[in-house]
Amino acid sequence: MSLAEYRPGLADVPAAESAISDIDGKNARLLYRGFPVEVLARESTFEETAWLLLKGELPRQKELADFDAQLRQRRALHFRMTDMFKALPATGHPMDALQASVAALGMFHSTREVSDPAGNWESCLRILASVPTLVATFHRVRLGLEPLAPRDDLDHAGNLGYMLTGKEPSPAVRKVLDACLILHAEHQMNASTFAARVVGSTLADPYRVISAAVGALAGPLHGGANEEVLDMLEVIGSAANARAWFENAVATKGKIMGFGHRVYKVKDPRATVLQDLAEHVFAETSRPRSYDTALELEKVALPVLGAKGIHPNVDFFSGIVYQSLGIPKDIFTPLFAIARTAGWLAHWLEQVGGNRLFRPEQIYKGYAERKYVSLDERA
Ligand code: CMC
C-alpha cells in the first residue's frame with residue numbers, strides 16, 4: 001500500500017501496535033493476551049479477565065483478591081451523580097446517560113495528569129467499578145425507582161445483575177452474565193477502541209477517553225446492533241416468516257443486523273459461545289420465540305450471505321440472552337460498554353505508555369483557493 005492510498009474506513013490499515021488481543025478472522029479465533037476467549041468465558045471471571053487485559057498476565061491469587069476488593073470499594077457514586085440522573089429525561093437512551101455520566105464522573109475524580117502510573121491505575125479501578133453503577137442508577141431513576149446501593153458482598157457480574165433487576169441473580173444466571181462480560185471485554189482495533197486511542201493520544205484524562213468510546217459504541221453499525229437485532233426479530237415475528245422476510249431484505253438490499261464483520265469472514269467465535277449460553281439460560285427461564293426466529297434466519301441466510309463471508313456476529317445472540325434474563329432492550333448496548341470498558345482502558349494504558357498524537361492525513365477533494373464574493377454581489 002502506498003502511503004497516499006486512501007482506504008475507506010481505514011480497512012486493513014494498522015492504527016497501532018498492540019499486545020492486547022488478536023483475531024484470526026478466517027479461523028474464528030479471538031485471543032486476549034494469548035488466551036482463547038472461549039476458554040476465558042468458561043474458566044475465568046470478568047475480574048480476572050479485566051486484570052489480564054490491563055496488566056498483560058493472569059493475576060496471582062493475592063493480586064486478584066486485592067483487585068476484586070479494590071473494585072468493590074469503588075462502586076458507589078457521589079450523591080450528586082444520582083441527582084444528575086434525575087435531571088436527565090427518563091425517555092433518553094441509557095447510552096447517552098452513560099456517555100454523559102462517565103464524563104461527569106471525571107469531574108468528581110479529576111486526574112487531568114496522565115503521566116503518573118499510580119494515578120492512572122486508580123482511574124482504571126474507579127471507572128471499571130463505577131460504570132455498572134452508572135448504568136443501573138440511570139435505569140432505576142428513569143423508572144421512578146430509588147437507585148440501589150451497590151452490594152460489596154457480590155462480585156462484578158452478581159452486583160450488576162442485582163443493581164439492574166433488584167434481585168440477586170442465581171449462580172447460573174450470574175455465570176451467564178459473567179461470561180457475557182468476558183466475551184465482550186475486548187476486540188482489538190474496532191471503532192470504539194480506536195476512538196478511545198485517538199482521544200487518549202491527546203493526553204485527555206481516561207474519563208473523557210471512555211466517554212468518547214461509549215459514544216462510538218452506541219452506533220447501530222457497532223454495539224448498537226444488539227438492540228436492533230431484537231427489533232428485527234420482533235418484526236419478523238416467527239420462524240415461519242424468516243425466509244420471506246430474508247428474501248425481501250436481500251431484494252431491497254437491506255442489512256441483516258447481527259450479521260457481518262470487518263474482520264471475521266466465518267461465524268464470530270463469540271456468537272458460537274453466546275448461542276451455547278443462550279441454551280443454558282433457557283434451562284432456567286423459557287425458550288423465547290425470538291431464538292427460534294434467529295435460528296431459522298441464520299439457516300435461510302447462510303447459503304446467500306455465507307458465500308460472501310457474512311455470518312452471525314457477537315450481537316446476533318447476545319440480545320436474546322439478555323432478553324431471557326429480563327434485561328430491557330435499551331440496556332443491551334450499555335452491558336456491552338460495561339464489559340468493553342476493560343478493553344478500552346487496556347488500550348488507553350497502552351496508548352499513553354508509548355504515545356504519539358493521532359493526526360492522520362486526508363485526500364483533499366474540495367476547491368482550490370478562490371476569491372471571496374461579498375453577499376450583495378452573489379448571484
Ligand atoms: N447484511 C447484508 N449484507 C451485508 C451485511 C449484513 N449484515 N454486512 C455486510 N453486508 C454486505 C454489504 O451490503 C456490502 O455488500 P456490497 O459489496 O454488495 O455493497 C458488503 O457486504 C460489504 O459490507 P460493508 O458494510 O462495506 O463491510 P464492512 O466491513 O464495513 O461491514 C459491518 C462490517 C459490521 C459494518 C457490516 O457487516 C454491518 O453493517 N453489519 C450489520 C450491523 C452489525 O451487526 N454490527 C455489529 C458488528 S459486530 C459487533 C461490534 O463490533 O460492534
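Note that these values count all heavy atoms, side chains included, but never hydrogens, waters or copies made by symmetry. All ligand and atom numbering here is 1-based and tracks the order in the structure.
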- Message: Let's go through E38 and R29 carefully: what are the C-alpha distance in whole Å and the side-chain angles of both, what is the deciding distance for salt bridge (charged side-chain N to carboxylate O under 4.0 Å, His left out) to 0.1 Å, and is it a yes or a no?
- Response: CA-CA 9 Å; E38 63 278 8; R29 302 297 289 150; 2.6 Å; yes

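Around atom 39 (O) of ligand 1, the closest heavy atom drawn from M232, K255, H184 belongs to K255. Counting only non-hydrogen atoms, the option in D268, D315, I310, N313 that gets closest to atom 5 (C) of ligand 1 is I310.
When heavy-atom distances to ligand 1 are checked against a 4.0 Å cut-off, K253 has no atom that comes that close, whether in backbone or side chain.
There is no protein heavy atom less than 4.0 angstrom from atom 22 (C) of ligand 1. Under the 4.0 angstrom criterion, atom 29 (O) of ligand 1 counts as having a protein heavy-atom contact. There is no protein heavy atom closer than 4.0 angstrom to atom 16 (P) of ligand 1. Protein heavy atoms are absent from the 4.0 Å sphere centred on atom 32 (C) of ligand 1. There is a protein heavy atom less than 4.0 angstrom from atom 10 (N) of ligand 1. Remark: atom 49 (C) of ligand 1 lies closer than 4.0 Å to at least one protein heavy atom. Protein heavy atoms all stay at least 4.0 Å away from atom 19 (O) of ligand 1.
The contact set between ligand 1 and G258, taken as ligand atoms under 4.0 Å from a residue heavy atom, comprises 43 (C), 44 (O). Near V314, with a cut-off below 4.0 Å to any heavy atom, the atoms of ligand 1 are 49 (C). Residue-ligand proximity, H261 to ligand 1, at heavy-atom distances under 4.0 Å covers atoms 37 (O), 48 (S). Those atoms of ligand 1 with a heavy atom of G260 less than 4.0 angstrom away are 34 (C), 37 (O). Of all the atoms in ligand 1, the ones that sit under 4.0 Å from a non-hydrogen atom of G223 are 52 (O).
Closest protein heavy atom to atom 43 (C) of ligand 1: A225 CB, 3.5 Å. Among protein heavy atoms, atom 42 (C) of ligand 1 sits closest to M257 CE, 3.5 Å. Shortest contact from atom 1 (N) of ligand 1 to any protein heavy atom: I256 N, 2.9 Å. Scanning the protein heavy atoms around atom 27 (O) of ligand 1, the nearest turns out to be R262 NE, 4.8 Å.
Considering both main-chain and side-chain atoms, K265 never comes within under 3.5 Å of ligand 1 through any nitrogen or oxygen pair. An N or O contact shorter than 3.5 Å links H222 to ligand 1 by distance. Looking at L221 next to ligand 1, an N or O pair under 3.5 Å apart turns up. Checked by distance only, ligand 1 and F259 come closer than 3.5 Å through their nitrogen or oxygen atoms.
Note that CG of L58 is 10.5 Å distant from CZ of R60, once rounded to the nearest 0.5 Å. Put simply, CG on L183 and CG on L277 are 6.5 Å apart, with the number rounded to the nearest 0.5 Å.
Within the 4.5 Å cutoff, no side-chain heavy atoms of P169 are placed close to those of K175. Here the side chains of Q188 and I20 are not in contact, with every heavy-atom distance at 4.5 Å or above.
Aromatic ring pairs are classed by plane angle as parallel below 30°, tilted from 30° to 60° and perpendicular above 60°; the pair F138 and F85 is tilted.
Under the 4.5 Å side-chain contact rule for hydrophobic residues, L221 and I23 do not share a cluster. No chain of hydrophobic side-chain contacts below 4.5 Å, direct or via other Ile, Leu, Val, Met, Phe, Trp or Tyr residues, connects L71 to L154. In the hydrophobic clustering of ILVMFWY residues, with side-chain heavy atoms under 4.5 Å counting as a link, W121 and F46 come out together. Following chains of ILVMFWY side-chain contacts shorter than 4.5 Å, one can reach L88 starting from M81, so the two form part of one hydrophobic cluster.
A side-chain donor from one of E186 and H347 sits under 3.5 Å from a side-chain acceptor of the other.
Checking each of W344, Y32, Y264 against H187 for a ring-ring contact (aromatic ring centres under 6.0 Å, His included) leaves exactly one that passes, namely Y264. The only member of E284, H280, E168 that meets side-chain contact (heavy atoms from CB on, under 4.5 Å) when paired with V173 is E284.
Atom CZ of R151 sits in a crowded spot, with more than 12 heavy atoms from other residues, nucleotides or ligands closer than 6.0 Å.
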